[in-house]
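Numbers for residues simply follow the sequence, beginning at 1.
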Amino acid sequence: LCIAMPLTKDARVTTEELESESYTKGELLSFLQATADTDFLKEHKLTGKSRATKVAMVTAYNLMYDNNKFRDEDQEAVKAEALEKARLEKEAALEAQKAAKRAEAEAAAAAANEPVQYTKTVTKAGDKINWVKKGDQVTVRYTGMLEDGTVFDSNQSNAKKKPPPLKVKAGLGKLIRGWDEALLTMSTGEQCKITIEPEWAYGSKPPAGSNIPPNARLIFDVELVTIG
């Protein structure tokens, strides 16, 4: 009775012996997974509960010896560390995304319960077809005033050479909140007067160098010229 020797790295077995009934697929796969380089195992689809045939395993066995594709424990430790680092970074990124979504949902819930801090009076109706949506690029002409009529900013003029209209993405916080949110209620061609409470204007910190006093209620005459 011929008893097959256990598979070891130091004693290479012939192809004929491996293909015989002396060694099972399970024995051969276990040896390869314990001995071969991880990348080599992946390349030959020999990881986990591999479905590779015994012929494929024998071929891989010989290639491992011919090309010196043996496991280097130090390298394997480095690879394992890199994989663990990547896994932790992915988990951290997912947690950050979840936290951002939770914060967004909480902010939306708070905003839903917050009183609107502006009023809008339409002075000329728009087309009521093309409405501004969040993120739309809009072109507007406007005049900003204090309650006493003092103009602090304007791109409207009766001169032949008018200042360029303002182009901005609506609803993304590029403007003071009252104006930003009011834009989302407008359609192309609409003209309106927007009165904004300090809480949704500049509050206690108006822009440096402007003639806007702290906690001022602001009034804007706005014309929505185009969307897009």
Side-chain angles (χ1 to χ4, degrees), residues 1-114 130-139 167-175 177 180-181 183-184 227-228:
L1 179 64
C2 180
I3 300 175
M5 295 294 293
L7 294 170
T8 64
K9 179 181 175 181
D10 297 328
R12 184 172 180 175
V13 176
T14 66
T15 299
E16 290 74 20
E17 288 178 295
L18 290 172
E19 290 177 342
S20 71
E21 295 181 358
S22 299
Y23 298 99
T24 65
K25 275 180 58 176
E27 289 173 318
L28 189 50
L29 180 61
S30 295
F31 174 72
L32 287 168
Q33 290 179 344
T35 311
D37 175 77
T38 300
D39 292 337
F40 178 83
L41 292 171
K42 290 178 180 177
E43 179 185 350
H44 292 276
K45 299 180 180 179
L46 294 172
T47 57
K49 295 181 180 180
S50 174
R51 295 183 179 182
T53 64
K54 187 176 181 182
V55 171
M57 292 181 189
V58 172
T59 299
Y61 177 95
N62 287 320
L63 287 171
M64 178 180 68
Y65 278 94
D66 293 342
N67 299 310
N68 194 33
K69 294 295 183 180
F70 296 106
R71 179 186 298 270
D72 183 315
E73 293 301 333
D74 291 336
Q75 288 184 4
E76 292 299 320
V78 171
K79 288 179 185 177
E81 185 177 348
L83 286 172
E84 179 64 10
K85 181 181 178 182
R87 184 186 69 79
L88 292 174
E89 288 176 349
K90 185 177 180 180
E91 285 185 357
L94 288 173
E95 282 301 316
Q97 288 178 359
K98 290 178 182 178
K101 286 182 179 179
R102 284 196 298 269
E104 186 177 344
E106 289 170 1
N113 295 321
E114 185 178 0
N130 299 294
W131 297 93
V132 179
K133 300 184 296 299
K134 184 175 181 179
D136 279 346
Q137 175 93 359
V138 298
T139 303
K167 293 185 177 180
V168 67
K169 289 189 175 182
L172 299 181
K174 304 295 184 181
L175 302 167
R177 183 173 176 185
D180 209 20
E181 298 212 9
L183 275 174
L184 299 176
I227 301 173

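Expressed to the nearest 0.5 Å, how far NZ of K49 lies from CD of Q33 amounts to 11.5 Å. Rounded to the nearest 0.5 Å, atoms CG (D37) and CG (N67) are 11.5 Å apart. Here the straight-line distance linking atom OH of Y61 with atom CG of L18 works out to 5.5 Å at 0.5 Å rounding. Between the CG atom in L29 and the OG1 atom in T24 there is a gap of 9.5 Å [rounded to 0.5 Å]. Atoms NZ and CD, from K90 and E95 in turn, are 13.0 Å apart once rounded to the nearest 0.5 Å. N68 CG to L63 CG: the interatomic distance, rounded to the nearest 0.5 Å, is 12.5 Å.
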What verdict does the side-chain contact (heavy atoms from CB on, under 4.5 Å) test give for F40 and H44, after you've listed the backbone C-alpha separation in whole Å, the side-chain angles of each residue and the deciding distance to 0.1 Å? CA-CA 6 Å; F40 178 83; H44 292 276; 3.3 Å; yes
Which is it for Q137 and K167 under the side-chain contact (heavy atoms from CB on, under 4.5 Å) test, yes or no, and what are the steps along the way? CA-CA 7 Å; Q137 175 93 359; K167 293 185 177 180; 3.4 Å; yes
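Of all non-hydrogen atoms in K133 and D136, the two that sit nearest each other are N-OD2, 2.8 Å. In terms of heavy atoms, A170 sits closest to V132 at CB-CG1, 3.6 Å. Considering all non-hydrogen atoms of both residues, S50 and A52 come closest at OG-N, 3.1 Å. Minimum heavy-atom separation, M64 to A36: SD-CB, 3.5 Å.
Enclosure of atom NZ in K169 is not indicated, since only 12 or fewer non-hydrogen atoms of other residues, nucleotides or ligands lie within 6.0 angstrom. Shown here is E81, whose CD atom has no more than 12 heavy atoms of other residues, nucleotides or ligands within 6.0 Å. Counting non-hydrogen atoms of other residues, nucleotides and ligands closer than 6.0 Å to NZ of K25 gives a total above 12. Heavy atoms from other residues, nucleotides or ligands lying under 6.0 Å from NZ of K79 number more than 12.
Between Y23 and M57 there is no side-chain heavy-atom pair separated by less than 4.5 Å.
Checking side-chain atoms of K174 against main-chain N and O of D180 turns up no donor-acceptor pair under 3.5 Å.
Looking at E91 and R87, a side-chain N of the basic residue comes within less than 4.0 Å of a carboxylate O on the acidic one, giving a salt bridge. At a threshold of 4.0 Å, the pair D66-R12 counts as salt-bridged, since one of the basic side-chain nitrogens sits closer than that to a carboxylate oxygen.
When each of T47, L41, L7 is checked for a side-chain contact (heavy atoms from CB on, under 4.5 Å) with L32, only L41 meets the rule.
Between Y65 and F70, the ring-plane angle classifies as perpendicular under the 30° and 60° cut-offs.
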